[in-house]
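Computed from a predicted model, the values in this text were never measured in an experiment.
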Amino acid sequence: MYKRAYGIIETLAPLHVGASAGEETGNLNLIFRDQFTQTGVIPGSSIRGRFRADMRQDEGDSFASRWYGHHVVEGVRDGGTTEALVKFEYASLLWLPVFCPGQPVVWITCPWLLKRYQQIAGISEPLPKPYTAPKTLQGRQVGTNRKILFFNLGFMEIEHEADLSPWIPAGAPNLKSDNLLVVADNDIAMLHDMALYRQSRVKLLDEMKKVDTDKGAFFNVEALPESSVMVFPIALKETGWKPFGDDATQELYFGGLESIGFGRCRVTLAGAYN
């Protein structure tokens, strides 16, 4: 029987996990996305690689191989690989910050993403309906009973009011219970693409401040914005796994583009992980 745990990732800088090439090579979806909601994900292999690399550096290769499985050894029968004692699934988005002109930043999610978090964290609360927000969410009051929220792409009517604080994970201290909104599953993909961190960048020549046209001058990057919150399940075959020592929280780097300031995250573990 596996012990169940999970991790919460809060991005402290833009997070890019996906292709290194851009639109100039035909790639139009730069970060990895969930196939149903089209929202950003971190593959389980990327999470495992980050945890394994840090444990190898701190505790040595043999200790890391015990928890994450031994790598292939040439000349050894069946490659010498072993089964990992700790297993990771992909991290899905839970809350995404969206800019609202003239209003505070609002964190959005949808029932599909909340359902996965509900199963992972064992939450007993019923799933909120689409277009649900707390009563304290700032918006434009229309008439006596209607409230409208202004996004970049238009207006959205708040149809239900509820306390969404039970859906705030412990590892996301920046989330404010007054600034949460549940949108419909059909809306999340469009709002997600609107909220992504995007840049067009250029490579300069080494010896002068001039565009290097020979090696591909322009390229685009996209990333999940700062203060996005993600969740991933963990399964353990044995107890004693303490990747952060006696602490439950540590800063880790995920994905690429660390050289331009991407990837710094706060990871918090919960459940029966040690």
message: With side-chain contact (heavy atoms from CB on, under 4.5 Å) as the criterion, how do Lys242 and Tyr273 come out once you've worked through the C-alpha distance, each side chain's angles and the decisive distance to 0.1 Å?
response: CA-CA 8 Å; Lys242 295 183 176 181; Tyr273 67 91; 5.9 Å; no
Worked verdict on Tyr197 versus Phe262 for ring pair (Phe, Tyr, Trp, His ring centres under 6.0 Å): CA-CA 11 Å; Tyr197 180 99; Phe262 285 14; 5.5 Å; yes
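- Note that OG1 of Thr39 is 5.5 Å distant from CG of Leu93, once rounded to the nearest 0.5 Å.
- Side-chain contact check for Ser165 versus Trp167: every heavy-atom pair is 4.5 Å or farther apart.
- The distance from atom CH2 of Trp67 to atom OG1 of Thr82, rounded to the nearest 0.5 Å, is 12.5 Å.
- Residues Arg266 and Glu251 are not paired through a salt bridge, judged by the lack of any N-O separation under 4.0 Å between the basic side chain and the carboxylate.
- Counting all heavy atoms, side chain and backbone alike, Arg52 lies closest to Ser65 at NH2-OG, 3.6 Å.
- With respect to the salt-bridge test (charged N to carboxylate O, under 4.0 angstrom), the residues Glu157 and Arg146 qualify.
- Side-chain atoms of Ile31 and Leu196, non-hydrogen and from C-beta on, do get closer than 4.5 Å to each other.
- Ion pairing between Arg48 and Glu89 fails under the 4.0 Å rule for side-chain N and carboxylate O.
- Cluster membership for Ile108 and Tyr131, using ILVMFWY side-chain heavy atoms within less than 4.5 angstrom, is shared.
- Rounded to the nearest 0.5 angstrom, Ile9 CD1 and Cys265 SG are separated by 6.0 Å.
- Judged purely by atom type and a 3.5 angstrom limit, Thr11 uses its side chain to pair as donor or acceptor with the backbone of Ser227.
- No more than 12 heavy-atom neighbours from other residues, nucleotides or ligands sit within 6.0 angstrom of NZ on Lys3.
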message: Could you go through Leu113 and Thr37, starting from their C-alpha distance and side-chain angles, then the distance that decides it, and tell me whether this counts as side-chain contact (heavy atoms from CB on, under 4.5 Å)?
response: CA-CA 8 Å; Leu113 296 174; Thr37 62; 4.1 Å; yes
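- Taking a 6.0 Å sphere around CD of Gln138, one finds it holds 12 or fewer heavy atoms contributed by other residues, nucleotides or ligands.
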task: Give the C-alpha distance, both sets of side-chain angles, the deciding distance and a yes or no for side-chain contact (heavy atoms from CB on, under 4.5 Å) between Leu149 and Gln103.
output: CA-CA 9 Å; Leu149 185 67; Gln103 299 172 191; 2.9 Å; yes
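- Other residues, nucleotides and ligands contribute over 12 non-hydrogen atoms within 6.0 Å of the CZ atom of Arg56.
- Contact check on Lys237 versus Glu83 returns a salt bridge, with a Lys/Arg side-chain nitrogen under 4.0 Å from an Asp/Glu carboxylate oxygen.
- Side-chain contact between Pro169 and Val229: present, with at least one pair of heavy atoms (C-beta onward) separated by less than 4.5 Å.
- In the hydrophobic clustering of ILVMFWY residues, with side-chain heavy atoms under 4.5 Å counting as a link, Leu164 and Ile188 come out apart.
- In the hydrophobic clustering of ILVMFWY residues, with side-chain heavy atoms under 4.5 Å counting as a link, Val183 and Val98 come out together.
- Looking only at atom types and distance, the side chain of Thr249 has no donor-acceptor partner in the side chain of Asp247 under 3.5 Å away.
- Put simply, CD1 on Ile42 and CG on Leu15 are 4.5 Å apart, with the number rounded to the nearest 0.5 Å.
- Counting only heavy atoms from C-beta outward, the side chains of Phe51 and Val267 approach each other to under 4.5 Å.
- Both Leu94 and Trp107 belong to a common hydrophobic cluster when Ile, Leu, Val, Met, Phe, Trp and Tyr are linked at side-chain heavy-atom distances under 4.5 angstrom.
- Closest heavy-atom contact between Leu137 and Asn179: CD1-CA, 3.9 Å.
- Here OG1 of Thr132 is found 11.5 Å from CG of Asp163. Values are rounded to the nearest 0.5 Å.
- Ionic pairing of Asp193 and Arg33 is present here: one or more N-O contacts between side-chain nitrogen and carboxylate oxygen are shorter than 4.0 angstrom.
- No side-chain heavy atom of Pro14 sits under 4.5 Å from any side-chain heavy atom of Leu224.
- Shortest non-hydrogen contact noted between Ala91 and Arg116 is C-NH1, 4.3 Å.
- In this structure the side chain of Trp95 reaches within 4.5 angstrom of the side chain of Leu180, judged on heavy atoms.
- More than 12 heavy atoms of other shown residues, nucleotides or ligands fall within 6.0 angstrom of atom CZ in Arg198.
- When all heavy atoms are compared, the tightest approach of Phe32 to Pro43 is CD1-CG, 3.4 Å.
- The environment of CD in Glu207 is crowded: more than 12 heavy-atom neighbours from other residues, nucleotides or ligands sit within 6.0 Å.
- Contact record, Leu96 with Pro225: CD1-CD, 3.7 Å, taken as the closest heavy-atom pair.
- The closest side-chain heavy-atom distance from Phe99 to Val106 is not below 4.5 Å.
- Under the 4.0 Å criterion applied to side-chain N and carboxylate O atoms, Glu238 and Arg66 are assigned as salt-bridge partners.
- Taking the six-membered ring wherever Trp is involved, the centroid distance between the rings of Tyr117 and Trp112 does not fall below 6.0 Å.
- Between the OG atom in Ser124 and the CD atom in Gln118 there is a gap of 8.5 Å [rounded to 0.5 Å].
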message: side-chain contact (heavy atoms from CB on, under 4.5 Å), that's the test. Do Met156 and Asp187 meet it? Break it down for me.
response: CA-CA 10 Å; Met156 177 177 291; Asp187 294 333; 4.1 Å; yes
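- A cation-pi arrangement, defined by a distance under 6.0 Å to the six-membered ring centre and an angle within 45 degrees of its axis, is absent between Arg50 and Phe232.
- Counting heavy atoms from C-beta outward, Met230 and Ile8 have side chains that stay 4.5 Å or more apart.
- Minimum interatomic distance between Ser228 and Pro97 (heavy atoms only, all atoms of both residues): OG-CD, 3.6 Å.
- Using cut-offs of 30° and 60° on the angle between ring planes, the pair Tyr68 and Phe88 is parallel.
- Residues Val231 and Phe244 fall into different hydrophobic clusters, defined by Ile, Leu, Val, Met, Phe, Trp and Tyr side chains chained together at heavy-atom separations under 4.5 Å.
- Between the side chain of His16 and the main chain of Gly263, no donor-acceptor pair closer than 3.5 Å is present.
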